[in-house]
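Encoded as structure tokens, the structure appears first; notes follow it.
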Number of protein chains: 2
Amino acid sequence: MGTTTTKGEQTRAALIEAAFELFSRQGYHATTMRQIAERTGLTPGSIYNHFFGKDDIFLSVLSAYHPLNQFSSFMADSKAETTEQFIRLLAEQVTGELEDQPGLLNLFFIEMVELDGQHLPSLVEEFRSQVMAFVQRVSSGPVQSRVLPIKAFRVFLGLILAYELSDRLVQEALGDEEIDQGGLDDFVDVYLHGILEPKDKVKKEP
Amino acid sequence: MGTTTTKGEQTRAALIEAAFELFSRQGYHATTMRQIAERTGLTPGSIYNHFFGKDDIFLSVLSAYHPLNQFSSFMADSKAETTEQFIRLLAEQVTGELEDQPGLLNLFFIEMVELDGQHLPSLVEEFRSQVMAFVQRVSSGPVQSRVLPIKAFRVFLGLILAYELSDRLVQEALGDEEIDQGGLDDFVDVYLHGILEPKDKVKKEP
DNA sequence: CCTACCGATCGGTAGG
DNA sequence: CCTACCGATCGGTAGG
């Protein structure tokens, strides 16, 4: 690459990567500065040449690894023609990404629980443009969505969460038994068409 | 109540309650035995007359407060006639419960991240009968579900998660701005009928 | 970037 | 159930 990286920048990057692996596996408070240093081949004290402290490291990890980073490229590169195709493809890519990097979701939960969600607002802010792209895409297709696009986005996020978390639960519960692979399509089906047959469309009482 | 509780049992219960509040707010490792003792009016050392150690307390908290405890009573008491009513009512009750006790969800995430999900299998086992009740209910209604009931259940759990988590995110992001209250109905709508108009039912390529 | 070190605090125990 | 205490380990600093 044309970008030159100084030794210091390389060390900083190595620290962030090591910290990501430790944080996402053990949580924030269970991860020690000594562990991070050891993984990078440094002495604990040396870390403070690159970061103000432990929380500064976590903040850097969070911005480098937060789960919504690749959303935009997925959406920009999408070759889908219909809304249905678009949703299916996006769900596939996002869950694939989360499967490759299981720590991404953990990092999010750690921030929420152990750090009281203090960094969530800025994360949401960073993500705003990607939400808009999704909304634009869903509302401009040849077939309109039944619900407000922003609601559709929120439920879509939930779809991803539902698939990932229940997948972990099922795998944990079953152990070595049959693996309920590939259920993603069913999840997306429900998202697109609901669990009920169309004939069940009963008017709600006012 | 007719059940007599000894002093020791009362203290144990008080410890579990105090521990729940602290764990769910701060996480496992950030909560100290001294904090738990202080909240109960005890000396740190006294805790060990009731529990083997910190992890034993967490285990007790988890079984006393795990989020799926009230599911069964909700389903048993449901007066819903149609599947649609059943789902709507259940979603309302569960999210209402999670709103009253925000710690329930946190506890689940803490277990998953900080304790590596070691207790999840037993939790799932405890919950198995409730899953069966849901499946039974959805598959025996006058209107059949389009998807396998077990899948419908997994997506339903995701629906709840989606609503709760995105609600927290939105509230965190908006701060004092408009509060997007009551969007639960929209979430349930998507779950029941999908985001697409029925006319969009396009066959997937084989 | 390392050596050496600090005060603070942790989970847990002994003895009564 | 309390007093008193332990070894271990934590995040972070001083000085070079």
Side-chain angles (χ1 to χ4, degrees), chain A residues 4-64 107 110-111 113-116 118-119, chain B residues 4-64 107 110-111 113-116 118-119:
Chain A
T4 59
T5 54
T6 68
K7 187 79 184 299
E9 283 167 345
Q10 286 178 28
T11 302
R12 192 188 146 92
L15 281 168
I16 290 180
E17 186 182 342
F20 165 68
E21 288 167 11
L22 290 165
F23 281 144
S24 67
R25 252 184 272 178
Q26 307 173 338
Y28 180 79
H29 289 97
T31 297
T32 69
M33 299 296 273
R34 283 160 178 81
Q35 289 176 330
I36 298 174
E38 195 180 7
R39 278 217 171 206
T40 325
L42 293 183
T43 302
S46 304
I47 299 181
Y48 295 88
N49 291 319
H50 303 273
F51 298 95
F52 295 125
K54 193 179 177 182
D55 56 337
D56 187 30
I57 301 183
F58 186 80
L59 195 64
S60 303
V61 168
L62 203 60
S63 101
L107 211 61
I110 290 165
E111 152 67 22
V113 169
E114 288 197 84
L115 285 89
D116 212 33
Q118 48 182 298
H119 308 117
Chain B
T4 58
T5 55
T6 68
K7 187 78 183 300
E9 283 167 344
Q10 287 179 28
T11 302
R12 193 188 146 93
L15 281 167
I16 290 181
E17 186 182 342
F20 165 67
E21 287 167 13
L22 290 165
F23 280 144
S24 67
R25 252 184 273 177
Q26 306 174 337
Y28 179 79
H29 289 97
T31 297
T32 69
M33 298 297 273
R34 284 159 177 81
Q35 289 175 330
I36 298 174
E38 195 180 6
R39 277 218 171 205
T40 326
L42 293 183
T43 302
S46 304
I47 299 182
Y48 296 88
N49 292 319
H50 302 273
F51 297 94
F52 294 125
K54 193 179 176 182
D55 54 338
D56 186 30
I57 300 182
F58 187 80
L59 195 64
S60 302
V61 168
L62 203 60
S63 99
L107 212 59
I110 291 165
E111 152 66 22
V113 169
E114 287 197 86
L115 286 90
D116 212 33
Q118 47 183 297
H119 309 116

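In the text below, chain A, chain B and the rest are named by the order of the sequence lines, each starting its count at 1.
Around CD of A/Gln118, the count of heavy atoms belonging to other residues, nucleotides or ligands within 6.0 Å exceeds 12.
When the nucleotides C/dG11, D/dG12, C/dC1 are ranked by their closest atom to the side chain of B/Arg34, C/dG11 comes out on top. Here the side chain of A/Met33 is nearest to one of D/dG12, C/dT13, C/dC1, namely D/dG12.
In this entry the distance linking OH of A/Tyr28 with C1' of D/dG11 reads 9 Å, nearest Å. Atom C1' of nucleotide D/dC1 and atom CD of B/Gln10 are separated by 15 Å, given to the nearest angstrom. Summarising the geometry, the separation between CD on B/Glu38 and P on D/dC2 is reported as 13 Å, rounded to the nearest angstrom. In this structure, B/Tyr48 places its OH atom 11 Å from P of C/dC10, rounding to the nearest Å. The interatomic distance linking B/Lys54 (NZ) with C/dT13 (C1') rounds to 17 Å, in whole Å. Regarding A/Asp55, its CG atom lies at a distance of 17 Å from the P atom of D/dC10, rounded to whole Å. Rounded to whole Å, the distance from CD1 on B/Ile47 to C1' on D/dT3 is 15 Å. Rounded to whole Å, the distance from NZ on B/Lys7 to C1' on D/dC2 is 13 Å.
For the side chain to side chain contact (heavy atoms under 4.5 Å, CB included) with A/Glu111, the qualifying choice from A/Leu115, A/Leu107, A/Val113 is A/Leu115, the only one to do so.
At the heavy-atom level, A/Thr40 lies nowhere under 4.0 Å from the strands shown. Among the protein residues, B/Leu42 comes within range of the sugar-phosphate backbone only, with heavy atoms under 4.0 Å from sugar or phosphate atoms but none that close to a base. Residue contacts shown for B/His50 are limited to sugar-phosphate atoms, with no base heavy atom under 4.0 Å away.
Note that OH of B/Tyr28 and NE2 of A/His29 are 13.5 Å apart. Values are rounded to the nearest 0.5 Å. Residue A/Thr11 holds its OG1 atom at 6.0 Å from CG of A/Leu42, rounded to the nearest 0.5 Å.
OP1 and OP2 of C/dC1 both lie 4.0 Å or more from every side-chain N or O belonging to A/Thr43. For the pair B/Thr32 and C/dT9, the criterion of a side-chain N or O lying under 4.0 Å from OP1 or OP2 is not met.
Nucleotide D/dA14 forms a pair with C/dT3, judged by Watson-Crick or G-U wobble geometry with both contacts under 3.5 Å.
Here the side chains of A/Phe23 and A/Gln35 are not in contact, with every heavy-atom distance at 4.5 Å or above.
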